[in-house]
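The structure under discussion appears below in the form of structure tokens.
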Number of protein chains: 2
Amino acid sequence: MSPAESAVETIQREMTIFARRARASAGRMHPELSLVSYTLLGHLEERGGCRATDLAAHYALDKSTVSRQVAALERTGLIERRPDPEDHRVQVLHLTEAGQEILAQVTRSRRAAFRERLAGWPEEDLVRFAAYLERYNAEPGGAEPA
Amino acid sequence: MSPAESAVETIQREMTIFARRARASAGRMHPELSLVSYTLLGHLEERGGCRATDLAAHYALDKSTVSRQVAALERTGLIERRPDPEDHRVQVLHLTEAGQEILAQVTRSRRAAFRERLAGWPEEDLVRFAAYLERYNAEPGGAEPA
DNA sequence: GCGTTGTAGTTGTATAGTACAACTTGAACT
DNA sequence: AGTTCAAGTTGTACTATACAACTACAACGC
């Protein structure tokens, strides 16, 4: 196996290990907000509101799944739906103040955990690692191995 | 935000994106073997057999979860249990031939997908990226942000 | 030896996240 | 007006998961 092939092998294995751990640790780190909810809220914040269909498309989730997640987030008062005057089928989703607060809080705790984990890394390595990850995720899908 | 802080932020975000995609794409790539099953089989292959408890500990899964996964894998004939003569409470798990074949096949398809995705990368970057990921995952847990 | 405590694994029960299919409502385009 | 398309909801089912209670066996202390 060439160095490149063996590196690909390692990347695959380590990414998979990471993925396996992510959900469980999210549950431990912020039980009040699942990884999915956190991601959806983050997207809403970033975009300043969007439609359920956009969330579904962006995260490759079924619209029924998003519908239920959104319903739950609305029930707990973290988001609200505003009817779209342009198109009465559409509901534009927005963070409430409570949603913004919880999101900020969870973001802080996640950030602290990552920072702690990466505490021993030289800045140069952090920057390079971050760049590799961005590049990997931005890579046009293909078979989308994760 | 310092370069290091912003890199940590990026790492967090990109790792989360990756984690979110992993399960869905595993389902698309190899519906015959869930991400968990694939991981467990891989571990068995690597170790040449181990106990259910080891799997649970290594992957931070509840023993009941592993027990059911193992039962399913046995039902489909991919693994077999051998009683441990040393300790009658223990069952040592081993891949069957069928299990080895399926694992190899899924490994091939995953490898191909990763390779395709990483096709444009210079070898040097692949090697460095792989090293960063290994280091990240090996980092002593702490809050285990994934 | 025998009771106590610990470990391996199973099973009951509950929950979350997810998909697919069928449906409703409204939009858009003949 | 009628057909087709898009947004979202709801019914149903399945998978992964955890926790708790249980069984079976092991190991230790006395």
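Worth knowing before you read on, the calculation uses all heavy atoms, side chains too, and leaves out hydrogens, waters and symmetry mates. By convention in this document, chain letters (A, B, ...) are assigned in the order of the sequence lines, proteins followed by strands, and residues within each chain are numbered from 1.
Crowding of A:E124 atom CD: a count of heavy atoms from other residues, nucleotides or ligands under 6.0 Å not exceeding 12. The local environment of CD in B:Q105 is crowded, with over 12 non-hydrogen atoms from other residues, nucleotides or ligands closer than 6.0 Å.
Between B:R135 and A:D125 a salt bridge is recorded (basic side-chain N to carboxylate O distance below 4.0 Å).
If you take CG of A:D62 and P of D:dA13, they are 17 Å apart, rounded to a whole angstrom. For the pair A:Y59 OH and C:dT18 P, the computed distance is 12 Å after rounding to whole Å. With rounding to whole Å, B:L93 atom CG is found 14 Å from C:dT10 atom C1'. What separates CG of B:D84 from P of C:dT7 is a distance of 17 Å, to the nearest Å. Nucleotide D:dA7 holds its C1' atom 13 Å from the CG atom of A:L55, rounded to whole Å.
Of the listed nucleotides (C:dT10, C:dA8, D:dT9), C:dT10 has the atom at the smallest distance from the side chain of B:Q91. Out of C:dT18, D:dT9, D:dA7, the shortest distance to the side chain of A:L61 is found at C:dT18.
Between B:L33 and B:L41, some side-chain heavy-atom pair lies under the 4.5 Å cut-off. Looking at A:V70 and A:L93, their side chains come closer than 4.5 Å, going by heavy atoms from C-beta outward.
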query = Given the rule in the side chain to side chain donor-acceptor pair (under 3.5 Å) test, do A:S37 and A:S34 qualify, once you have shown the distances and angles that lead to the verdict?
reply = CA-CA 5 Å; A:S37 302; A:S34 76; 3.0 Å; yes
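Legend: residues meeting side chain to side chain contact (heavy atoms under 4.5 Å, CB included) with A:A57, ordered by chain and number and at least two apart, are absent.
Here the closest non-hydrogen pair linking A:R81 and A:A71 is NH2-CA, 3.5 Å.
The side chain of B:S34 contributes no N or O atom lying less than 4.0 Å from OP1 or OP2 of D:dT15.
Summarising the geometry, atom CG belonging to B:D54 is positioned 10.5 Å from atom OH belonging to B:Y59; distances are rounded to the nearest 0.5 Å.
A heavy atom lying under 4.0 Å from DNA chain D marks the following residues of residues 64-75 of chain B, by number: B:S64, B:T65, B:R68, B:Q69.
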Please enumerate all protein N or O atoms sitting under 3.5 Å from an N or O of nucleotides 22-29 of chain D, with distances to 0.1 Å.
residue : atom : partner : partner atom : Å
D:dA26  : OP1  : B:H88   : N            : 3.2

